[in-house]
2 protein chains.
Amino acid sequence: MLTKSSTELVRQQNSSLVLAALRRKGSLSHTEIAAQTGLASATISVITAELERAGIIAKIEQHVQGGRGRPRVLFAPRRTSGYVIVVRISSDTVQYSLVDYGGVLLDRFEEARSHDSSGTAAFGRLFTAALERLLNRSHIAKDEVLAISISSKWLVAADGARLVWSPVFGDEQLDFEKLLRPEWRARVMLNNESLLVAQALAVRAEEKEGGFRSLAVVSLGHSIGLGLARKGRSGELDVSAPNFGHMLHATSAGLCRCGSYGCIEAAAGFYGILRTAFQVPSDTIPAKFVPLSEMDKIAASARQGHRMAGYAFRQAGVALGNGISRVISLYEPMPIFVTGQGTRYFDLLHKGLTEGLAQSLQVRLEGLPEITVLADEQRLVFDGHLDRALSAIDADIAAAGHP
Amino acid sequence: MLTKSSTELVRQQNSSLVLAALRRKGSLSHTEIAAQTGLASATISVITAELERAGIIAKIEQHVQGGRGRPRVLFAPRRTSGYVIVVRISSDTVQYSLVDYGGVLLDRFEEARSHDSSGTAAFGRLFTAALERLLNRSHIAKDEVLAISISSKWLVAADGARLVWSPVFGDEQLDFEKLLRPEWRARVMLNNESLLVAQALAVRAEEKEGGFRSLAVVSLGHSIGLGLARKGRSGELDVSAPNFGHMLHATSAGLCRCGSYGCIEAAAGFYGILRTAFQVPSDTIPAKFVPLSEMDKIAASARQGHRMAGYAFRQAGVALGNGISRVISLYEPMPIFVTGQGTRYFDLLHKGLTEGLAQSLQVRLEGLPEITVLADEQRLVFDGHLDRALSAIDADIAAAGHP
DNA sequence: ATCTATTTTCTCGACTGTCGAGAAAAAAGC
DNA sequence: GCTTTTTTCTCGACAGTCGAGAAAATAGAT
């Protein structure tokens with residue numbers, strides 16, 4: 001249902017717009033803001049004055065330019081007006097980063113994870129301690145942190161900040177919101193890494209040309225992830241991370257780590273490929289962790305023509321292709337981007353992938369989707385984090401208004 | 001990307017809101033509108049005055065009420081301020097209905113379709129002629145028709161008003177927009193019937209309690225349709241009709257009418273069930289049309305314990321269950337509603353359906369989705385038509401403003 | 001028949017917001 | 001020091017919403 005609108009909302013929306021423009025371009029002058037946003041010059045004056053008074057943006061000194069008339073003065077987000085903590089959780093390490101409101105990385109460290117003493121409670125203690133350490137090192141107070149953006153490769157609840165399932169914690173849920181709530185005022189966000197990559201790519205695609213409609217990111221590795229970014233009817237970006245890895249592929253794919261049979265992951269995840277390559281019975285409970293070197297060996301023998309190894313990769317490709325064809329059926333045709341450690345085996349997966357894709361009507365009607373392998377995943381994930389966290393903060397600021 | 005907002009947009013939004021409230025409740029007084037919309041009384045005065053002056057709404061005479069104070073005067077959409085034509089295309093007949101702006105059915109007739117002389121051009125001529133006839137019978141001018149809402153059970157392009165694939169026209173596309181454009185000023189809308197049912201159900205669910213998030217409608221029949229309704233983050237309803245029937249189920253399902261192998265429809269559509277029941281080779285090009293009586297016979301023998309007939313229905317159920325589990329994986333858990341002629345065999349499908357559903361992690365985590373069989377599909381489709389067409393008209397009116 | 005209590009609708013002034021045009025500011029060129 | 005050019009700021013007009021209270025219209029009481 002629609003909700004009522006008012007002049008305050010108008011201001012809120014337009015403030016957001018100005019902040020978003022500033023964010024995208026780094027710094028802009030009065031006239032440039034007007035051009036970017038389409039707002040009247042007078043409106044820009046009012047909004048920038050308000051944001052400057054609130055200490056959210058500031059004029060930049062250096063005006064190096066050789067124009068004729070009155071020099072432009074640039075506005076930019078005031079870097080010290082807030083901070084974001086970015087946390088990337090992977091199976092063997094946790095990376096903590098501190099970023100200021102201008103999007104500049106201030107500090108970063110990693111902590112190895114001890115696989116034995118895990119359990120959500122213990123992890124929670126280590127986690128909060130690490131956050132404290134991050135702040136201490138840069139002399140920043142807890143309530144200057146406006147957002148904590150966390151990511152993992154595993155299943156995340158769409159509503160809150162709950163980690164629903166992971167190979168490390170199993171079915172035990174981990175609620176970061178609850179973990180941090182009384183002490184931290186920061187907004188807590190938890191997202192799947194593929195979602196963040198999709199977000200970053202979508203933002204880039206939007207910059208480039210207006211033709212962007214939707215895209216999908218498939219992450220290949222120990223587990224299989226999917227990030228989906230689509231432009232809604234009203235023009236806003238809608239990103240999500242559906243449960244692709246554990247979507248049903250075919251019961252023949254065998255037992256999955258999650259306990260079900262026939263997940264895509266059970267065929268296309270590292271342990272699934274290993275199981276097929278070594279002809280382990282498909283109802284064997286799969287290995288907790290497959291070292292990359294092991295996978296490299298299988299890939300090498302596949303490239304040398306070893307039948308079963310080659311088949312394992314091909315069958316993984318078919319599982320992915322079928323899965324993607326289903327995504328396309330249930331959403332719409334869209335370009336596919338592939339990331340993750342598994343991309344190094346893409347040559348081996350490729351044939352099965354196109355084969356698996358070609359089986360559906362949608363693909364037959366619209367042709368094969370464009371498939372691109374991504375190199376700089378690290379960077380994209382981080383960009384996605386910042387994009388989401390900072391624009392969430394911007395929205396909060398615009399909503400707070402003039403108190 | 002966000003777009004700029006302005007005071008005009010505020011008015012537009014709030015006008016829409018008033019119209020929508022009036023539409024839902026039929027007629028409302030000044031105070032009731034204020035309560036429904038949350039707008040201030042003064043604002044209601046301005047907006048209703050404007051809409052009344054434009055002839056979109058009118059005061060209703062009869063004020064039967066036994067209150068004390070000043071009697072309420074009711075506003076209602078003025079029935080003669082516009083008309084909608086609703087067209088339902090099915091494989092053997094086309095139904096044309098004329099409805100006024102108040103949502104009241106004025107006239108309706110059906111035309112049988114001759115299966116031999118079909119072809120999009122011939123159909124187009126019959127179609128436009130029928131529209132003319134509908135108007136003549138009620139003495140309504142062409143430019144009083146503000147929307148033409150068309151539906152079929154087949155595949156529809158998400159962007160325009162193009163019928164992309166149907167068992168009758170095959171790959172030949174039928175573009176209604178192009179067919180009607182120069183002569184008719186009406187907005188042309190083409191939707192899948194399952195989408196319309198989903199829309200109608202979603203609107204009802206929203207009325208009832210605020211707890212509505214999403215739902216899916218599966219239509220069983222000669223072909224298999226899916227309608228999806230979800231509440232977006234900003235609270236607006238997002239309905240779609242993904243290509244569920246031709247989503248890949250499993251290659252073992254055999255050749256589909258669409259030319260691919262392994263579509264859900266090839267297993268769960270009427271001809272798929274028939275093929276399995278009679279053990280026809282699964283790469284046989286399936287029957288163009290299976291009479292309902294034939295299906296009834298198979299069902300009867302299945303209920304009497306005939307093995308192959310029972311298996312055919314069960315395997316159809318599994319295909320549906322697997323498909324729905326994939327929808328749930330790629331979207332979110334949601335209640336399922338089943339419509340279409342095939343619901344009369346639901347007892348036979350049910351076991352396979354739950355079996356097919358239970359195979360996925362998502363279902364294991366969240367439990368089986370609630371499944372409801374719908375009785376009054378006719379009514380729901382029509383309601384969906386009206387809901388979409390009338391609210392689209394309302395939006396147009398609000399956008400037009402005071403010219 | 002008139003008055004009063006009650007309820008609904010309408011109106012007025014205050015406030016917030018956007019916009020266009022032109023004034024003011026600030027630098028470069030002459 | 002004056003002019004030109006470009007940018008930023010300011011002012012008045014206009015559109016929209018809101019709260020409060022005035023006006024309208026009825027039922028019941030006197």
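Here the structure is a predicted model, which is why all the values come from computation and not from measurement. Below, read A as the first sequence line, B as the second, and so on, with proteins coming before strands; counting in each chain starts at 1.
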Any side-chain N or O of [X] under 4.0 Å from OP1/OP2 of [N]?
X	N	result
Thr7(B)	dG17(C)	no
Ser45(B)	dT9(C)	no
Asn14(A)	dG17(C)	no

[X] side-chain N/O to [Y] backbone N/O, donor-acceptor pair under 3.5 Å:
X	Y	value
Ser138(A)	Leu135(A)	no
Arg185(A)	Asp143(A)	yes
Arg11(B)	Asn14(B)	no

Among [options], the one nearest [X] by side-chain distance:
X	options	answer
His30(B)	dG20(C), dT9(C), dC9(D)	dT9(C)
Ala42(A)	dT17(D), dT9(C), dG20(C)	dG20(C)
Ala40(A)	dT17(D), dC19(C), dT18(C)	dC19(C)
Pro71(A)	dC18(D), dT8(D), dA26(C)	dA26(C)

Rounding to a whole Å, what distance do you find between [X]:[atom1] and [N]:[atom2]?
X	N	atom1	atom2	answer
Arg72(A)	dT8(D)	CZ	P	7 Å
Glu8(B)	dG20(C)	CD	P	10 Å
Ile60(B)	dT8(C)	CD1	P	17 Å
Gln12(B)	dT17(D)	CD	P	12 Å
Glu50(B)	dC10(C)	CD	C1'	17 Å
Ile47(B)	dT17(D)	CD1	P	5 Å
Glu32(A)	dT7(D)	CD	P	9 Å
Ile44(B)	dG16(D)	CD1	P	15 Å

Give a yes or no on whether a donor-acceptor pair under 3.5 Å exists between the nucleobase atoms of dA25(D), that is its base, and the side chain of Arg70(B).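 Absent.
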With distance as the sole criterion, do the side chain of Ser41(A) and the base of dC9(D) form a donor-acceptor contact below 3.5 Å?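 Checked by distance alone, the answer is yes.
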Between His30(B) and Thr48(B), does any side-chain donor sit less than 3.5 Å from a side-chain acceptor?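 Side-chain D/A pair, His30(B) to Thr48(B): absent.
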Rounding to 10 degrees, work out the angle separating the end axes of the helix from dA1(C)-dT30(D) to dC30(C)-dG1(D) (five pairs an end).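 End axes: 30° apart.
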Listed by chain and number, what are the side-chain contact (heavy atoms from CB on, under 4.5 Å) partners of Ala58(A), not counting sequence neighbours?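 For Ala58(A) the side-chain contact (heavy atoms from CB on, under 4.5 Å) partners, ignoring immediate neighbours, are Arg78(A).
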Tell me every residue that passes side-chain contact (heavy atoms from CB on, under 4.5 Å) with Leu105(B), counting only those two or more places apart in sequence or in another chain.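 side-chain contact (heavy atoms from CB on, under 4.5 Å) check on Leu105(B) returns Ser97(B), Val99(B), Arg108(B), Phe382(B).
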Does the side chain of Lys25(B) reach to within under 4.5 Å of the side chain of Glu32(B), using non-hydrogen atoms?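 They are not in contact (no side-chain heavy atoms under 4.5 Å apart), so the answer is no.
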Starting at the 5' end of DNA chain D and moving along, which residue's nearest nucleotide shows up first, Ser6(A) or Phe75(A)?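 The residue mapped nearer the 5' terminus is Phe75(A).
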So which one's nearest nucleotide on DNA chain D is more toward 5', Arg68(A) or Thr31(A)?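 Its nearest nucleotide lies further toward 5', so the answer is Arg68(A).
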Looking at Ser81(A) and Ile56(A), what are the two nearest heavy atoms and their distance?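 The answer is OG-O, 3.8 Å.
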